[in-house]
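Presented below is the structure to which this report refers.
Treat the numbers as computed from the prediction; the structure is a model and nothing was measured.
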Amino acid sequence: MLSFYVDNCWKPPGSVQRNALLQSILPRDCWSYSMPIPSEGSENAVALMERVAIKLGARVAPKRAIEFACGRCCAALALRSAGAAAAIVSVGQDRKPVWPMGFVGSITHTDHYCWAAAWSTESGLGLGIDSEPILDPPTAADILSLVRTETDVASPAWLSFEEYLTILFSAKESIFKAVSSSFENILDFQDVSICALTRSNFHWRIPAHGLDRSIAKGSGRYLLWAGMCHSAVAVHR
């Protein structure tokens, strides 16, 4: 098990930034930070790992520890900017992030990139973000039946099939994170429908769960940038 320690004197690596493009798909009062994941042994990796505590007896691969540190680093900065007194995201029994009282948030990373966002519960009930590399054709073919449902919107003409399926995949991951606190069981790709898709937005619904209207359907935003799909779902109060 890992934990990430932050104090008032902590200064993050210079590679962490508030990316305007990623920020554009989030609510205006939501804060986010992102960074490239440094290679093992690099100056930034060493600086981050100094803040990571590994529970005695745990066996954690260095790459996993660095990814964890990057996510918690970005999350701590997002929380601090959003006004949190304690910029710490703890780890729950299910290994999901546990955000401090008064805030919701989300963390995502690929093999090379990390992004985290935080939002005050005065504005939001849930927040989910996700980043995915655009699928290659063989992978898209392999996971098609896993990701797409009969009620998902068809692929629009302005997207390649691989971009379309990556958007579906990423959007559903963001939805899962945004509404996860309302479910005892983990949602499956087949539980969620993406019922409309524009060049920057998607609309979704979760049928047959008897949910409150605020989380039974909603909308999100996505961005195709730098060979990846980034998506965000914010459940407003």
Side-chain angles (χ1 to χ4, degrees), residues 21-22 24-26 32 34 37 64 67 71 94-97 104-117 125-235:
L21 286 173
L22 296 179
S24 71
I25 65 174
L26 291 165
S32 75
S34 60
I37 295 177
R64 165 71 181 116
E67 290 172 351
D94 55 3
R95 298 189 178 183
K96 293 181 180 179
V104 292
S106 186
I107 302 171
T108 185
H109 60 74
T110 67
D111 286 342
H112 306 290
Y113 197 76
C114 176
W115 177 33
L125 296 172
L127 181 67
I129 63 173
D130 185 70
S131 296
E132 303 288 341
I134 301 301
L135 295 165
D136 57 54
T139 304
D142 285 344
I143 69 170
L144 173 61
S145 61
L146 171 70
V147 174
R148 191 173 67 175
T149 72
E150 293 181 355
T151 55
D152 282 327
V153 64
S155 178
W158 68 82
L159 293 171
S160 70
F161 180 73
E162 292 75 26
E163 289 172 331
Y164 159 74
L165 197 62
T166 307
I167 292 168
L168 290 190
F169 187 101
S170 183
K172 292 185 181 187
E173 286 286 345
S174 288
I175 295 163
F176 298 158
K177 295 177 183 179
V179 305
S180 62
S181 62
S182 301
F183 292 89
E184 293 183 2
N185 299 317
I186 298 174
L187 286 171
D188 185 81
F189 287 106
Q190 301 297 313
D191 294 323
V192 180
S193 293
I194 305 300
C195 42
L197 187 64
T198 72
R199 293 181 184 269
S200 60
N201 294 57
F202 56 88
H203 295 270
W204 55 272
R205 63 187 179 90
I206 305 174
H209 278 278
L211 298 173
D212 182 271
R213 289 181 62 185
S214 64
I215 59 171
K217 61 182 180 179
S219 63
R221 304 194 70 189
Y222 74 92
L223 170 70
L224 298 179
W225 171 63
M228 291 193 287
C229 174
H230 307 274
S231 65
V233 170
V235 181

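Exactly one residue among Ser174, Ser24, Ser131, Ser34 makes a side chain to side chain donor-acceptor pair (under 3.5 Å) with His230. That residue is Ser131. A side-chain contact (heavy atoms from CB on, under 4.5 Å) with Leu168 is found for exactly one of Val192, Leu144, Val147, namely Val147. With Lys172 as the fixed residue, the salt bridge (Lys or Arg N to Asp or Glu O under 4.0 Å) test singles out one of Asp130, Asp152, Asp188: Asp152.
Nearest heavy-atom pair, Leu187 versus Val179, reported as atom, atom and distance to 0.1 Å: CD1-CG2, 3.8 Å. The shortest heavy-atom contact between Val233 and Ser219 is CG1-O, 4.2 Å. The shortest heavy-atom contact between Ile194 and Ala171 is CD1-CB, 4.0 Å. The minimum heavy-atom distance between Pro133 and Met228, with the atom names listed, is CA-CG, 3.9 Å. The shortest heavy-atom contact between Ser155 and Leu159 is OG-O, 4.2 Å. Nearest approach of Gln190 to Leu146, heavy atoms of both residues: NE2-O, 2.9 Å.
Looking at heavy atoms from C-beta onward, Asp191 lies out of side-chain contact with Phe176 at the 4.5 angstrom threshold. No side-chain heavy atom of Val153 sits less than 4.5 Å from a side-chain heavy atom of Phe202. Within the 4.5 Å cutoff, side-chain heavy atoms of Ile175 are placed close to those of Ile206. The shortest side-chain heavy-atom distance between Glu162 and Pro137 falls under the 4.5 Å cut-off. Using a 4.5 Å cut-off on side-chain heavy atoms (C-beta onward), Leu224 and Ile167 make contact. Proximity of Leu22 to Leu223: side-chain heavy atoms (C-beta onward) are separated by under 4.5 Å at one or more points.
In this structure, Ile143 CD1 and Arg148 CZ are separated by 11.5 Å, a value rounded to the nearest 0.5 Å. In this structure, the separation between CD1 on Ile129 and CD1 on Ile25 is 8.0 Å, given to the nearest 0.5 Å. Expressed to the nearest 0.5 Å, how far OG of Ser32 lies from CD1 of Ile107 amounts to 12.0 Å. To the nearest 0.5 Å, atoms OH (Tyr113) and CD (Glu67) are separated by 15.0 Å. To the nearest 0.5 Å, atoms OG1 (Thr139) and CZ (Phe169) are separated by 10.5 Å. Atom CG of Asn201 is separated from atom OG of Ser231 by 12.0 Å, given to the nearest 0.5 angstrom.
At distances below 3.5 Å, not a single donor-acceptor pair connects side-chain atoms of Ser170 with backbone N or O atoms of Glu132. No donor-acceptor pair under 3.5 Å is formed between the side chain of Tyr164 and the backbone N or O of Ala157. Of the possible donor and acceptor atoms, none in the side chain of Ser193 sits under 3.5 Å from a partner among the backbone N and O of Arg205.
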- [ ] Kindly determine whether Val235 and Val104 satisfy side chain to side chain contact (heavy atoms under 4.5 Å, CB included), including the steps that lead there.
- [x] CA-CA 10 Å; Val235 181; Val104 292; over 6 Å; no
